[in-house]
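Worksheet: the structure to be examined is printed underneath.
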Amino acid sequence: MVSLPLLSTSSNVTKPVIMAETMDPLAPSVNESSFTPSLMNKLRMRFGSGSATPRSMAEGYVEFGEFRAQAPGVKKVGTFAGVFCPVVLSMFSALIFIRMGYLVGNAGTLVTLAQFALAYGIVGFTVMSICAISTNGAVEGGGVYFMISRTLGPEFGGAIGTLFFFANVVSSALCISACTEALVENFGPNGYLVGDSPGLPNGDWYRFLYRSVLNAIGLSVSLAGASLFARTSLAIWVTMVVCLASAFLSFFITTPGMIEKPETNTLINVTSFKYTGFSVNTFYENLYPKYGRDYSTSDGELVDFASVFGVLFTGVTGVMAGANMSGELKSLCEYSSGELLQNNYVYLLPINVWSPFIAVGMLTATFSAGLSNLIGASRVLEALAKDNIFGFILRPMVPRSGNPVLAVIMSWFLVQIGIITGSLNTIAQVNSVLFMTSYFAINLACLGLDLASAPNFRPTFKHFSWLTSLIGLVGCAALIFGLRPAYASAVAFACCSLVVALHLLSPAASEPKWGSLSQALIFHQVRKYLLLLDPRREHVKFWRPQMLLLISSPRQAAPLIDFVNDQKKGGLFVVGHVRVGELDGSGDPLASEHKYWLKLIDHLKVKAFVELSLAESIRSGAAQLTRLAGLGAMKPDTVLLGFRDTATPKDFFRDPTSPYKTEQFDLDSGEIIFPARTSVSTRISASEYVRIITDVLSVKKNICLCRNFHTLDMAAVERRSASLKYIDVWLVELLTPSREEAFSVRALFALQLAAVVRSSRGWQHLRLRVHVVDATPLYADLYLVELESMDSAVERSNPSLSPARPVHERLEELLKLLRISATTHTVSEWPALDDFGQWSETSYDNGTTFSRVPHSYLQKVNHIIKSRCEDGTAVTFVQLPHPPKLPPHATDADEPVCEQYLQVLDDFTKDLSPTILVRGLKSVTSTAL
């Protein structure tokens, strides 16, 4: 083992911190992160090179609330032309020109109005969440994805961003399908604008051809640059307004008459339907639902509430472009019969004062909306690539210039796949589910930000609360699963799978560059529950191990760290380290080292906290950690130290046969993190080591000394090796062997630790053996006084534990009461010590106590324990003798006394299996309910 895997006096090079830069509130935050080998890192090195996001250090990483100067010469599109016009076009595209009759004709006016109210309610609450998040800092490219990822972290943000990307792709396919439908209805066989002329040929393959051509035109415009579309959006919006105005006027100008059935409707034989004009009877007739069949599908699918809402919701994905559809609904239910609305989705054409108005509106609105979604999809894909969410997979999508050409091409390709479906109503169902999932994530992000109460969450938009976000969140979830459970389940499964995959494989997750809301929420909840955890209400029935392991170099203590992680059994585990030094005003000497300790925890896969201390001496640093480690009621009650011996240290990080082998702590610069001890001269002094033990006991904490753990093969334990069979517990005090020792608090503490280890996963196949002696001390009265001075956890009034009974029967009864499965073994060959009185704890103030322990006695005891270990013992627990009493201030005479004490411990445990010398002060067992 190591001399003392406790503390280190070596110092690492610390880089100075430039305070002027870190304190500048306008400086971009450049989050440095070191390289972490992972599966994704290896794949990236195999298939590509370089960084996925070539950002200069001067540019840095822009987070919410930070600032970046606008590049000179870059012209930004205005809010009206760049935001309002595309949103309005997206909303009015397929819904008002092509599917309004489908909605009212099937669902009726009342249900349609209720659906609009429901949809606008969800969107309204979502808009509040969007405003709150977006006014809390600068939003970059990617829109919704950027907001979600910077709030919920790269895993959840990347998953939702991917779904949002596909939502834009599906929405583009939806609009192109709607544009194709308008094209065929106007210019196809017997189309409204060609009359009896043959017009454009119709058919499934012809329609796919038309959609492909429209998609290719959209690709050309997108490759030319989004600014070209933005500059024309205003003209398209004006055209759409004129066309829509003509539709409103036509309701009052056009006289009643018969409207012919479109050629695409092959479900019924009726050739025409009546347009009634203003009629009270028509109004009442269209008030209530009359679900029919959808003639735009190949088999005439039956329309229901869910399908109508799916189509309707596509009209509000433009996020509240306006509520001026209510007038359109009123006109529909008063002027058009239900049969006309159900069987002619483009009824606005034949009743318009001039049909080309509606044709132009249909084509321009649907095509522009499809183009807008195609450009939006490419920008989301570009943002995913820049954030390195999918590593080398999306690396080519990062543009070298302004326009993401490859992202546009990829988006176009996926839209091309989407338009194979053909049916506008079918695509609309998927589109609605994907957008509602995005809305769900936005509300979740805003709700989390509000509940986390982070000081930096100060949006300028104040008209929101956690309740509005919660209503929007619950509403989205209820609608998704209530209307389309199959689609919702598929999307939820895809989202969860993406979150898990990104967490395991994404470079952005392994090297996070922005904050995650989950950390803020965890902090908020942990703080709340820590305050509820009252140390005054602790009870022995609910005791669990709370360990502080003090180590010097993890290189030589890796198996010990791994073992203590099993020993904690759901309790607290703190890894402590002391650096000898002092603050000199140049910065924190431990700051650069702390990140490597966190990497160590990840590498060893242990559930532990790290506490580092800077002190003038090892003893004072250990005392600081012993008293101050932990928080609130979660404080270690047991301190573990490595054993001070002369064994040659083993470097488990470089040993090729070690399961802990790694190169991440050997830096390219030649620096070795956690250097191992190389000579005996670097050991801590005997007096300082013993005083650390004394300090731990003086603050009423349990102490454990761990020896020979460099021989522990944790892999053999986990694979149930036949050579490892037992966990041994010796309930014998070395200098005062007695049968009564097995029932003391310190003995039961060792028994409890052994039982906890055996109950841990990987150790349950081992059997627990308890060893006791059947010796009666020469000074029984003195020994009983010592026992009574301790808080024994065993009721001595219990008749079954009466000292008059044989010790093995009493011990078996005690194990039954404690519900511990173990076999008892009485050691009859344990040697006797002459003159028992001189070895009692009351005589430890005598400096010659341990020098008078016969060496032959220690050899015999060691031989007895070693012979039992040869049966296949994995770990041995023995009692730690009380350390010698030293004067308050260190003197030169302390060193030989402490050397004698440690020599006794060395002879006692020499060449044993991995051994823990335990001295417990607190009762940790209970026989009560």
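The structure displayed is predicted, hence computed values, not measured ones.
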Here the pair of heavy atoms bringing L734 nearest to V904 is CD2-CG1, 3.8 Å
Should the ring pair Y857 and W830 be called parallel, tilted or perpendicular, given that the plane angle runs from 0 to 90° and is split at 30 and 60? perpendicular
Report the distance from atom CZ of F850 to atom CD of E899, rounding to the nearest 0.5 Å. 13.5 Å
Ring pair (Phe, Tyr, Trp, His ring centres under 6.0 Å) partners for H825, two or more places apart: H771
Nearest heavy-atom pair of Q879 and A750: which atoms, and what distance? NE2-CB, 3.5 Å
Could you walk me through whether D645 and R707 pass the salt bridge (charged side-chain N to carboxylate O under 4.0 Å, His left out) test, one step at a time? CA-CA 9 Å; D645 60 12; R707 187 179 190 184; 3.7 Å; yes
If you compare all heavy atoms of P545 against all heavy atoms of Q567, which two are closest, and at what distance to 0.1 Å? CG-O, 3.6 Å
If you round to the nearest 0.5 Å, how far is CH2 of W543 from CD of Q752? 5.0 Å
Nearest-0.5 Å distance that lies between atom CG in D906 and atom CZ in F643: 5.5 Å
Can you name the nearest heavy-atom pair linking A874 to P914, along with the distance? O-CD, 3.4 Å
Just how far is it from atom CG of D894 to atom OH of Y901, taken to the nearest 0.5 Å? 14.5 Å
Among T662, D651, D655, find the residue that satisfies the side-chain hydrogen bond (donor to acceptor under 3.5 Å, both in side chains) test when tested with R555. D651
Are there more than 12 heavy atoms of other residues, nucleotides or ligands under 6.0 Å from atom NZ of K866? yes
For the pair F665 and H603, name the ring-plane relationship: parallel under 30°, tilted 30 to 60°, perpendicular over 60°. perpendicular
Atom SG of C706 and atom CD1 of I561: how far apart are they, to the nearest 0.5 Å? 11.0 Å
I need the minimum non-hydrogen distance between N862 and K910, along with the two atoms involved. ND2-O, 2.9 Å
About how many Å separate OG1 of T626 and NZ of K635, when rounded to the nearest 0.5 Å? 10.5 Å
Using the ring of Y689 (Phe, Tyr or Trp, six-membered ring only), decide whether R644 places NZ or CZ under 6.0 Å from its centre and within 45 degrees of its axis. no
Report the C-alpha separation of I692 and V639 in whole Å, then their side-chain angles, then the decisive distance to 0.1 Å, and conclude whether the side-chain contact (heavy atoms from CB on, under 4.5 Å) test is met. CA-CA 10 Å; I692 291 174; V639 179; over 6 Å; no
Does the plane of the ring in F563 sit parallel, tilted or perpendicular to the ring in F877? Use 30° and 60° as the thresholds. tilted
Before giving the answer on side-chain contact (heavy atoms from CB on, under 4.5 Å), spell out for L705 and I693 the whole-Å C-alpha distance, their side-chain angles and the decisive distance to 0.1 Å. CA-CA 9 Å; L705 306 184; I693 299 174; 3.8 Å; yes
Any salt bridge between D695 and R619, counting N to O under 4.0 Å? yes
Worked check of side-chain contact (heavy atoms from CB on, under 4.5 Å) between F749 and L921: CA-CA 8 Å; F749 180 78; L921 301 182; over 6 Å; no
